[in-house]
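Reading through the structure tokens given below for one structure.
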Amino acid sequence: MAVDEPTERELRVMPWWLVLVGLLAAVALGWLVLDLLLTEADRASQPDTRATLRIDAIRTGLTVVAGTGGGLALLLAARRQWITERAQRHQESVAARDQAHRDRVQAHAEAVAEAAQRNHDRQSGAAEHDAAERRLTELYTRAVELLGNDSAAVRLGGLHALERLGQDNPGQRPTIAAVLCAYLRMPAPDDEPRETEVRRSAQLVLTRHLHADDAAHWPEITLDLTGARLVGFDAAGCTLVDANFTAATFTGTTTFAGATARGPLRLGKATFGDVTFEGLTADGEVMLDDVRVGGLASFDGAAFTDGLSCRRSGFAGPTSFGRATFGQPTSFDATRFEDAATFQEAAFDGALSMEHTEFGGSASFHSARFTSMALFRWTMFGAEALFDRARFTDAANFGRSRFHGMVSFRDAQFSRPPQVEQARAVVDPGHRWPAGTVVQRLDDEWLLLVDR
């Protein structure tokens with residue numbers, strides 16, 4: 001807010017008659033003084049004294065007149081000096097106001113120019129952004145159109161165009177990943193080599209950017225490959241965020257070796273040929289319910305921090321969970337292992353449930369550690385069942401299990417006697433039962449185990 005400057009009093013011109021009046025007043029004052037002194041001098045009795053007094057009176061009158069005139073002259077000179085100073089101050093004030101006005105005008109002009117420049121910059125930026133967005137949309141649309149072309153070669157070009165677009169535009173990566181996943185979810189003709197090649201390329205585009213230690217990593221990309229048909233899917237070393245492979249069909253050899261799963265990893269109802277999860281690290285639950293594996297399955301060294309759900313699944317080939325760790329409750333209920341299955345040196349830090357599970361081949365839990373409850377009720381062991389050097393630090397229940405081969409608990413450790421009520425085993429001289437187990441013979445083929 002501007003501060004008002006003090007207003008100056010109006011400068012009035014001194015009239016000429018005022019100077020004349022001052023002069024007449026000086027003369028009149030001198031005359032009056034002279035008259036009074038002469039009157040006093042005339043009263044002197046001596047002529048010489050009277051003459052001297054008259055001379056002094058005249059001299060004094062002239063002095064009064066001269067002094068009054070001098071005073072008037074000094075007054076006029078002082079007034080002239082005051083007028084000069086006031087005029088100087090007035091000029092300076094006017095000059096300062098003029099300069100302030102010019103400064104305000106200049107500042108206003110600069111502000112207007114700056115605002116105009118900012119507006120121009122905003123308009124230019126908006127225009128550039130709109131142009132970039134239009135170009136991005138055109139490139140994206142064109143790439144998607146290529147992906148839908150009838151020619152496999154053109155579709156491959158569309159895949160690489162989308163990948164290049166995502167690499168240059170991080171904001172588009174989730175959308176591009178969703179498009180590629182949608183393409184893989186679409187039905188594909190069986191045994192069509194060119195389409196198979198396109199799909200393998202689409203898989204590679206996705207997995208190539210899921211390695212967290214790679215400069216080409218696309219972080220926070222989620223995969224929704226529900227029901228997709230995947231050929232030789234290779235996610236080794238990838239970081240999978242909330243990945244969903246429910247009901248997917250994996251042909252060839254599938255690998256998740258060394259992968260990191262953040263959030264749940266959904267593989268329920270999926271079908272595999274050969275598959276490996278060796279060294280998988282999962283901080284969310286891994287869901288393998290109703291999975292079918294036609295070949296080899298390896299989970300060696302996998303870490304299931306939030307547990308594993310593998311209920312009603314089927315493993316046709318050799319299956320290994322050697323040195324795997326399970327941090328939360330794990331379930332293999334009603335799962336069938338048709339070939340050999342090994343859990344050697346596995347660590348179950350949460351409860352384990354294998355109720356109604358079937359082992360068609362040998363089942364090895366050699367040196368496995370069961371920290372919490374271990375349930376093997378109604379479990380069917382079709383061949384040898386090996387629990388040598390296993391350690392149970394909580395309850396172990398084998399009630400109503402069926403052992404169709406040799407059973408060995410040699411050097412196994414139990415914190416409490418295992419429950420074996422109504423479990424049955426074929427007659428075999430190689431059985432090694434836990435200490436204190438009560439075994440009764442039913443007939444020539446079967447033994448019955450009972451709790452004390």
Side-chain angles (χ1 to χ4, degrees), residues 242-248 256 261 263-272 275 277-278 280-293 297-361 363-365 368-382 385-387 390-403 418-420 423:
D242 294 339
N244 191 347
F245 297 91
T246 302
F256 290 89
L265 176 59
R266 301 177 179 88
L267 290 155
K269 298 183 180 179
T271 59
F272 296 90
V275 61
F277 288 87
E278 294 178 1
L280 171 74
T281 302
D283 61 12
E285 185 179 12
V286 177
M287 286 164 276
L288 288 167
D289 298 335
D290 300 297
V291 161
R292 295 293 178 266
V293 180
S298 176
F299 296 82
D300 291 345
F304 302 96
T305 303
D306 204 30
L308 170 67
S309 180
C310 189
R311 296 171 296 181
R312 302 177 302 277
S313 297
F315 295 85
T319 304
S320 177
F321 284 87
R323 302 179 307 281
T325 57
F326 304 85
Q328 292 295 328
T330 299
S331 175
F332 288 92
D333 292 344
T335 290
R336 177 172 176 77
F337 298 92
E338 297 181 13
D339 207 323
T342 178
F343 292 83
Q344 185 171 342
E345 298 182 14
F348 297 91
D349 295 325
L352 169 66
S353 179
M354 283 195 171
E355 295 186 344
H356 299 283
T357 301
E358 296 183 17
F359 293 92
S364 175
F365 290 86
R369 185 181 76 245
F370 302 88
T371 303
S372 189
M373 181 181 296
L375 301 178
F376 291 90
R377 294 180 299 186
W378 296 286
T379 302
M380 195 276 285
F381 295 90
L386 306 176
F387 289 87
R391 185 171 60 187
F392 298 83
T393 57
D394 203 333
N397 193 329
F398 292 86
R400 299 185 181 277
S401 295
R402 296 291 184 270
F403 297 95
Q419 295 175 286
V420 295

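Source: prediction; values computed, not measured. Counting begins at 1 with the first residue of the sequence.
With no hydrogens or angles considered, no side-chain donor-acceptor pair links Ser364 and Gln344 at under 3.5 Å. Donor-acceptor pairing under 3.5 Å is lacking for the side chains of Asp283 and Thr305.
Between the side chain of Thr319 and the backbone N or O of Phe337 there is no donor-acceptor pair closer than 3.5 Å. Between the side chain of Asp300 and the main chain of Gly322, a donor-acceptor pair closer than 3.5 Å is present. Counting only distance, with no hydrogens or angles, the side chain of Ser372 and the backbone of Gly350 share no donor-acceptor pair below 3.5 Å.
Ion pairing between a basic and an acidic side chain is recognised when a charged N comes within 4.0 Å of a carboxylate O; Arg369 and Asp349 show such pairing. Between Lys269 and Asp290 there is no salt bridge, since none of the side-chain N atoms of the basic residue sits less than 4.0 Å from a carboxylate O of the acidic one. We find that Glu345 and Arg323 are not joined by a salt bridge, their nearest charged nitrogen and carboxylate oxygen being 4.0 Å or further apart.
In this structure, CZ in Phe304 is found 6.0 Å from CZ in Phe321, a value given to the nearest 0.5 Å. Here CZ of Phe277 is found 9.5 Å from CG of Leu308. Values are rounded to the nearest 0.5 Å. How far CG of Leu280 is from CG of Leu265: 6.5 Å, rounded to the nearest 0.5 Å. Put simply, CE on Met380 and OG on Ser401 are 11.0 Å apart, with the number rounded to the nearest 0.5 Å. To the nearest 0.5 angstrom, Trp378 atom CH2 is 8.0 Å from Asn397 atom CG.
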Begin from the C-alpha positions of Phe315 and Cys310 and carry the test side chain to side chain contact (heavy atoms under 4.5 Å, CB included) through to its verdict. CA-CA 11 Å; Phe315 295 85; Cys310 189; 3.7 Å; yes
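Considering every non-hydrogen atom in both Met287 and Pro264, the closest pair reads CE-CB, 3.7 Å. In this structure, Phe398 and Pro418 approach most closely via the heavy-atom pair CD1-CB, 4.5 Å. For Thr379 against Met354, the heavy-atom pair with the smallest separation is OG1-O, 2.5 Å. Across Ser320 and Thr342, no two heavy atoms sit closer than the pair OG-CG2, 3.2 Å. Residue Leu375 comes nearest to Glu355 through the heavy atom pair CD1-OE2, 3.7 Å, listed as atom of the first residue, atom of the second, then distance. For Ser331 against Arg311, the heavy-atom pair with the smallest separation is OG-CG, 3.1 Å.
Under the 4.5 Å side-chain criterion, counting only non-hydrogen atoms from C-beta, Val286 is not in contact with Phe299. Using a 4.5 Å cut-off on side-chain heavy atoms (C-beta onward), His356 and Asp333 make no contact. Contact check for Ser353 versus Thr330: no side-chain heavy atoms found under the 4.5 Å cut-off.
Between Phe343 and Phe326, the ring centre distance reaches or exceeds 6.0 Å. Between Phe376 and Phe365, the ring centre distance stays below 6.0 Å. Outside the 6.0 Å centre-distance limit, the rings of Phe272 and Phe256 are not counted as a close aromatic pair.
Between Phe370 and Phe392, the ring planes lie parallel to each other; the angle is under 30°, not in the 30° to 60° tilted range.
Scored by the salt bridge (charged side-chain N to carboxylate O under 4.0 Å, His left out) test, Glu358 finds Arg336 as partners (sequence neighbours excluded).
Residue Arg402 qualifies as enclosed at atom CZ: its count of foreign heavy atoms under 6.0 Å is above 12.
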